[in-house]
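Whatever order the structure lists ligands and atoms in, that order sets their numbers, starting from 1.
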Amino acid sequence: MSDAASRVVETLRPLLGDRLATSEAVRAHHSRDMSRLPARMPDAVVFPRTEEEVQAIVQACAREGVPIVAFGAGSSMEGHTIPIRGGISVDTREMNAIVEVRPEDFLAVVQPGVTRKQLNEHLRDTGMMFSVDPGADASLGGMASTRGSGTTAVRYGTMRENVMALRVVLADGTVVHTGSRAKKSSTGYDLTHLFVGAEGTLGIITELTMRLHPIPETVSSAVCAFETVKDAVEAVIATVQYGIPVARVEFMDEVAVAATNNYSKLDLKVAPTLFFEFHGTPAWVAEQSEIAEAVTREYGGQDFRWSTDPEERARLWQARHDSYFATKAIKPGYDLYTGDICVPISRLAESILASREDIDASPLTGQIIGHVGDGNFHTAYLIDPDDPEHLAEADRLAERAIERALAVGGTASGEHGVGTEKIKHMRKEHGDAVDVMKRIKAALDPDGLMNPGKMGHAG
Ligand code: MLT
Ligand code: ZN
């Protein structure tokens, strides 16, 4: 540990006691996230419970010039929480209080370590729900920081649409409150949405005001197989362009379906497949499901089986959420190299088909799944971590997919974020706006201590 980090530990020990850890095991847990990216140990890990404690931690680090990296549930996909320059990992898991719920105003105020499942359990009797569902039981602070989304964004929006207000400890220890409880506002720079997606590079979120939605009276889901990837994706484009208000529409290619059948013990037909979900009153759900069925049939969709059985639905969505693990299980010992591009919906079919063709022409095994109602899809390539040619080939495929996305006005990441690896695409995507981002970073974090080496520093 550096002398500076030791001094931070000495300063914080009396305040935090055993909520300051330097053991190998705890540091190792905070050295990585869900990605394949190389681990790097923090010097120490702290577990604050209050905003005042976060402030004290940030001030101690600022005095000594020690990096500060916020850590939620560790489920980020791009190395966001890896302390690539060492320093203090600030684990928010003990900041897990639900401060206030106001169903009548459709909002809840929470600390950043509250997870999405915890919030939904808590809300159950209120008739409200928190909608954003990335699959993992991520922390809300982490989801806000990565501007996460997932399967329900097509209907309810991403974290961008669902964070109303924040409290944030800045790099100098100042606390700011951004946003309001009003549904809309036309005052001031939109600082809430500056911190949403900042990946902990501008400050540490200590409280979030989240938008809630009524729990739908009826939920129905359907699975539908297609002859070709093109048919499946064109069916989605038509569904979205018809304005059918799907709550979720997810795509899985054949490789993903076969892996899911194995891993989750399902017997889905091994074919390009769409999973749909509809929310609303029974009559509305029945009508929308029928329209969607008619649209999918036009594109050769087979066996559009829809069901309102909660158990069947839960099994299906759990299987979809476990897709990442199912794919990893295809080749034990291999890493998953994931992509996350997002394109305008009209360019989705050509983008997915080109990525699928690239995989077919490559020696790597790969699959495509996606939150296709948003034009967002994930490529996943299985790579042998000990074979540098595999990594080079995955880099090449990912690069091609991103180049194609940017060429049609898309983005290098729809929901996973920038982390350490997507920085190299920032200038291609944002041009000179990257320099504005750097100026914002320099203004708010002049010593570069907030999650250093990530967004705002490089690119
Ligand atoms: C998902 O959609 O399942 C997640 O974003 C993780 C993944 O890329 O597989
Ligand atoms: Zn996803």
>> Set out, in order, the CA-CA distance, both residues' side-chain angles and the distance that settles salt bridge (Lys or Arg N to Asp or Glu O under 4.0 Å) for Glu121 and Arg124, then state yes or no.
In response: CA-CA 5 Å; Glu121 283 291 312; Arg124 190 174 283 168; 3.0 Å; yes
> Run the side-chain hydrogen bond (donor to acceptor under 3.5 Å, both in side chains) check on Asn261 and Asp267 step by step: do they pass?
Replying inline: CA-CA 6 Å; Asn261 276 345; Asp267 58 356; over 6 Å; no
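- Taking 2.8 Å as the criterion, His416 does not count as a coordinating residue of the Zn ion (ligand 2), since none of its N, O or S atoms falls below it.
- For ligand 1, the atoms lying closer than 4.0 Å to a non-hydrogen atom of Glu415 are 2 (O), 5 (O).
- A distance of 6.0 Å or more separates the ring centres of Phe275 and Phe251.
- Considering Ile440, Val168, Leu191, Leu170 as possible partners of Leu202, the one that fulfils the side chain to side chain contact (heavy atoms under 4.5 Å, CB included) test is Ile440.
- With hydrogens and angles left out, the side-chain atoms of Lys422 and His425 include no donor and acceptor closer than 3.5 Å.
- Counting just the N/O/S atoms of His371, the one with the shortest distance to the Zn ion (ligand 2) is named NE2.
- Inclusion of Thr338 in the set of residues having an N or O under 3.5 Å from an N or O of ligand 1 is not warranted.
- For the side chain to side chain contact (heavy atoms under 4.5 Å, CB included) with Tyr381, the lone residue among Thr365, Thr327, Leu364 that qualifies is Leu364.
- Look at His321 and you'll find every heavy atom at least 4.0 Å from all atoms of ligand 1.
- Checking each of Ile383, Thr379, Leu382, Leu397 against Tyr337 for a side chain to side chain contact (heavy atoms under 4.5 Å, CB included) leaves exactly one that passes, namely Ile383.
- A ring-centre distance under 6.0 Å is found for Phe71 and His29.
- The nearest N, O or S atom of Asp340 is not closer to the Zn ion (ligand 2) than 2.8 Å.
- Shortest contact from atom 8 (O) of ligand 1 to any protein heavy atom: His416 CE1, 3.1 Å.
- The nearest heavy-atom contact from the protein to atom 1 (C) of ligand 1 is Arg320 NH2, 3.5 Å.
- Among heteroatoms of the N, O or S kind in Glu415, OE2 lies nearest the Zn ion (ligand 2).
- Near His371, the atoms of ligand 1 lying under 4.0 angstrom from a non-hydrogen atom of the residue are 2 (O).
- Considering backbone and side-chain atoms alike, Tyr324 places every N or O at 3.5 Å or more from each N or O of ligand 1.
- Within the listing of ligand 1, atoms 6 (C), 7 (C), 8 (O) sit less than 4.0 angstrom from a heavy atom of Met77.
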